[in-house]
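These notes concern the structure reproduced below.
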Amino acid sequence: MYCIRQEERWRGRKETETNHWWQRETPFSSFVPRLVARNRLNAAREIDPVTLPNCQLIKGIERGSEDIDILPNGLAFISSGLKYPGLKSFAPDKPGEIFLMDLNEEKPRAVELRISRGFDLASFNPHGISTYIDKDDTVYLFVVNHPHQKSTVEVFKFVEDDNSLVHLKTIRHDLLISVNDIVAMGPDSFYATNDHYFSDFILMFLEMFLGLTWSNVVYYSPKEVKEVAAGFYSANGINISPDKKYIYVADVLDHKVHVMEKHANWNLTHVKTLQLDTLVDNLSVDPDTGDIWTGCHPNGMKLLYSDPENLPASEVLRIQNILSEKPVVTRVYADDGSVLQGSSVASVHGGKLLIGTVFHRALYCEL
């Protein structure tokens, strides 16, 4: 999810002490509405509701469902509990979790996956996720993690028999500085987006204020780590086409989805760009149709301020035939925040739709 510290209005009084530095007031507060490019945040946009008839909130998911990845067999992994500078958290002192839902069940329910001993659960702060199925049917789960406001990639093996994750390794690298999302290419390789060039908050703020396009995509493997695409305002969601030929990258601040061709040396070249009128977050791809489903933020300013009197809205788009001259974009779902706040992902399987959020609930719908 696009990360920038949410600033409160500065009223000239002494800074309020809080448990978390990103919740404190600063002199920057009064400048935010003027400094942030309003068009990049869609600050004036309001949406009309688009409802689906068969939807219900998922019990047990109360602290966000920032990313969702569904296996071909209908098992859905959900990351929950993201705590990021500037974004609301309903339980800032509680570690993150990974949930599993079996969409084959008549009434799917979310079950928290147990994580193996030895992994630092106390600092677990999951963000984007991706799965990879090896030739021997081993399922690997890659999780972007932000322990202590840093960026790592955690690799787990999924053990279906006892609903658990076995931690295999933690990946750190100088090029993985502000990782947002990830798409696995093998049991130990992936593409990842950095949503900022800097990791320091002040520099991140200036990066956004100045409109610097220094965000990028990195390819990682044990043998090679390199930048493969650059020039984004804030690279966010990333995914791959069913034929494995193209990589899709969402630029949340530029309201665009970029199509990149993947080459044998793992480099990416630009093919085309789809302009939208919303802040595009994570991207999911329907393996059967190739359609792209995305959770979006209609108004980024509301997401940053998270005013209980002016809630951040949710929006789900379906993009068909993105490689054609005239892709078809459909608003499948839209809510003013009264049901679902700050949608970040939408994933489909077998006529069922899961909608996740940055810090709020999750929605299950039958299409």
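Only this structure's heavy atoms are used, side chains among them; waters, hydrogens and symmetry mates stay out.
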Q | For Asn216 against Ala229, the heavy-atom pair lying closest together | A | CB-O, 3.1 Å
Q. What's the shortest heavy-atom distance between His167 and Ser116, and which atoms?
A. N-OG, 2.9 Å
**Q.** Polar side-chain atom of Thr294 near backbone of Leu283 as donor-acceptor pair, under 3.5 Å
**A.** no
Q. Which heavy atom of Phe198 sits nearest a heavy atom of Ser178, and at what distance?
A. O-CB, 4.3 Å
Q: Indicate the atoms forming the closest heavy-atom contact of Pro242 with Gly290, along with that distance.
A: CG-CA, 3.8 Å
Q. At their closest point, which heavy atom of Gly337 faces which heavy atom of Leu311, and how far apart are they?
A. O-CD1, 3.4 Å
Q. Is it true that the side chains of Glu66 and Ser79 contain a donor and an acceptor less than 3.5 Å apart?
A. no
Q: Determine which pairs satisfy disulfide (SG to SG under 2.5 Å) with at least one residue from residues 308-349, sequence neighbours left out, and list them in order.
A: none
Q | Worked verdict on Phe232 versus Asp254 for side-chain contact (heavy atoms from CB on, under 4.5 Å) | A | CA-CA 8 Å; Phe232 304 99; Asp254 210 18; over 6 Å; no
Q: Say whether Phe77 and Tyr140 are linked into one hydrophobic cluster, either directly or through other cluster members, by side-chain heavy-atom distances under 4.5 angstrom.
A: no
Q: List the atom of Ser80, the atom of Pro126, and the distance in Å for their closest heavy-atom pair.
A: O-CG, 3.4 Å
Q.
Does atom NZ (Lys226) have a neighbourhood of more than 12 heavy atoms from anything else shown, all under 6.0 Å?
A. yes
(Q) For the CG atom of Leu323 and the OH atom of Tyr248, what is their distance to the nearest 0.5 Å? (A) 5.0 Å
Q. Is a donor on one side and an acceptor on the other found under 3.5 Å between the side chain of Lys244 and the backbone of Lys262?
A. no
(Q) For a quick check under 3.5 Å, do Gln275 and Thr273 share a side-chain donor-acceptor pair by atom type? (A) no
Q: For residues Ile240 and Val285, determine if any side-chain heavy atom of one lies less than 4.5 Å from a side-chain heavy atom of the other.
A: no
Q | Phe158 side chain near Leu165 side chain, heavy-atom distance below 4.5 Å | A | yes
Q.
My understanding is that only residues two or more places apart in sequence, or in another chain, count here; which of them pass salt bridge (Lys or Arg N to Asp or Glu O under 4.0 Å) with Asp69?
A. none
Q: Kindly write out the residues that satisfy side-chain contact (heavy atoms from CB on, under 4.5 Å) with Val271, not counting sequence neighbours, or none if the list is empty.
A: Tyr246, Val259, Glu261
Q. Between the main-chain N or O of Ser343 and the side-chain N or O of Thr357, is there a donor-acceptor pair closer than 3.5 Å?
A. no
(Q) Do His127 and Asn145 have side chains that approach each other closer than 4.5 Å (heavy atoms only, starting at C-beta)? (A) no
Q) Using the benzene-type ring in the case of Trp, are the ring centres of Phe359 and Tyr84 under 6.0 Å apart? A) no
Q) Counting only N and O atoms by type, is there a donor-acceptor contact under 3.5 Å from the side chain of Ser65 to the main-chain atoms of Arg361? A) yes
Q: Return each pair, listed once, that meets disulfide (SG to SG under 2.5 Å) where at least one residue sits in residues 115-158; pairs must be two or more places apart or across chains.
A: none
Q.
Main chain of Leu340, side chain of Ser314: is a donor-acceptor contact present, judged purely on distance under 3.5 Å?
A. yes
**Q.** No-hydrogen, no-angle side-chain donor-acceptor test under 3.5 Å, Ser221 and Ser189
**A.** no
(Q) For the CG atom on Asp136, are there more than 12 heavy atoms of other groups (residues, nucleotides or ligands in this structure) within a distance under 6.0 Å? (A) yes
Q: Would you sort out whether His263 and Thr269 count as a side-chain hydrogen bond (donor to acceptor under 3.5 Å, both in side chains), showing the intermediate values?
A: CA-CA 8 Å; His263 299 284; Thr269 55; 2.8 Å; yes
Q: First locate atom OG of Ser306, then atom NE2 of His360, and finally report the distance between them rounded to the nearest 0.5 Å.
A: 9.5 Å
(Q) Is the shortest side-chain heavy-atom distance between Pro72 and Ile133 below 4.5 Å? (A) yes
Q) Can you check side-chain contact (heavy atoms from CB on, under 4.5 Å) on Phe142 and Glu154, steps first, answer last? A) CA-CA 6 Å; Phe142 291 69; Glu154 312 294 344; over 6 Å; no
Q: Any chance you could measure Asp281, atom CG, to Asn236, atom CG, to the nearest 0.5 Å?
A: 4.0 Å
**Q.** From Asn239 atom CG to Ile292 atom CD1, the distance as rounded to the nearest 0.5 Å
**A.** 8.0 Å
Q.
Please determine whether side-chain contact (heavy atoms from CB on, under 4.5 Å) holds for the pair Val144 and Ile129, giving the CA-CA distance in whole Å, both sets of side-chain angles, and the decisive distance to 0.1 Å.
A. CA-CA 6 Å; Val144 176; Ile129 62 175; over 6 Å; no
Q.
What I'd like to find out is whether the side chain of Leu75 reaches to under 4.5 Å of the side chain of Ile70, using heavy atoms alone.
A. no
Q) Stepwise, does the side-chain contact (heavy atoms from CB on, under 4.5 Å) test hold for Gln320 with Thr289? A) CA-CA 8 Å; Gln320 297 171 278; Thr289 65; over 6 Å; no
Q.
Between Lys302 and Glu46, does any side-chain N to carboxylate O distance fall below 4.0 Å?
A. yes
(Q) Applying ring-ring contact (aromatic ring centres under 6.0 Å, His included), can you list everything that pairs with Tyr197, at least two apart in sequence or on another chain? (A) Trp214
Q | side-chain contact (heavy atoms from CB on, under 4.5 Å) against Leu52, all qualifying residues, sequence neighbours excluded | A | Cys55, Val332, Tyr333, Leu353, Cys365, Leu367
Q | Glu97 vs Arg63, salt bridge (Lys or Arg N to Asp or Glu O under 4.0 Å): CA-CA, chis, key distance, verdict | A | CA-CA 9 Å; Glu97 303 162 291; Arg63 303 186 299 116; 2.9 Å; yes
Q | Pro95: partners by side-chain contact (heavy atoms from CB on, under 4.5 Å), with sequence neighbours left out | A | none
Q: List for me each residue that meets side-chain contact (heavy atoms from CB on, under 4.5 Å) alongside Ile177, sequence neighbours excluded, and say none if there are none.
A: Asn194
Q.
Quick check for you: to the nearest 0.5 Å, what is the distance between Ile319 atom CD1 and Asn321 atom CG?
A. 11.0 Å
Q | Student check: side-chain heavy atoms of His146 and Leu82 closer than 4.5 Å | A | yes
Q) Any side-chain heavy atom of Ile182 sitting closer than 4.5 Å to one from Val153? A) yes
Q: Could you list the residues that satisfy salt bridge (Lys or Arg N to Asp or Glu O under 4.0 Å) with Arg318, not counting sequence neighbours?
A: Asp291
Hey, can you pull the donor-acceptor pairs under 3.5 Å for the side chains in residues 100-115, sequence neighbours left out?
{"residue": "Asp102", "atom": "OD1", "partner": "Asn104", "partner atom": "N", "Å": "2.9"}
{"residue": "Asp102", "atom": "OD1", "partner": "Asn104", "partner atom": "ND2", "Å": "2.9"}
{"residue": "Asn104", "atom": "ND2", "partner": "Asn73", "partner atom": "O", "Å": "2.7"}
{"residue": "Arg114", "atom": "NH2", "partner": "Asp162", "partner atom": "OD2", "Å": "2.9"}

Q.
With heavy-atom distances below 4.5 Å as the criterion, would you say the side chains of Asn282 and Asp181 are in contact?
A. yes
Q) Which pairs with one or both residues in residues 266-287 pass ring pair (Phe, Tyr, Trp, His ring centres under 6.0 Å), sequence neighbours excluded? A) Tyr219-Trp266, His258-His270
Q: For Phe124, enumerate each residue passing the ring-ring contact (aromatic ring centres under 6.0 Å, His included) test, keeping only those at least two apart in sequence or located in another chain.
A: Phe119
Q.
Rounded at 0.5 Å granularity, tell me how far CD in Gln149 sits from OG in Ser199.
A. 10.5 Å
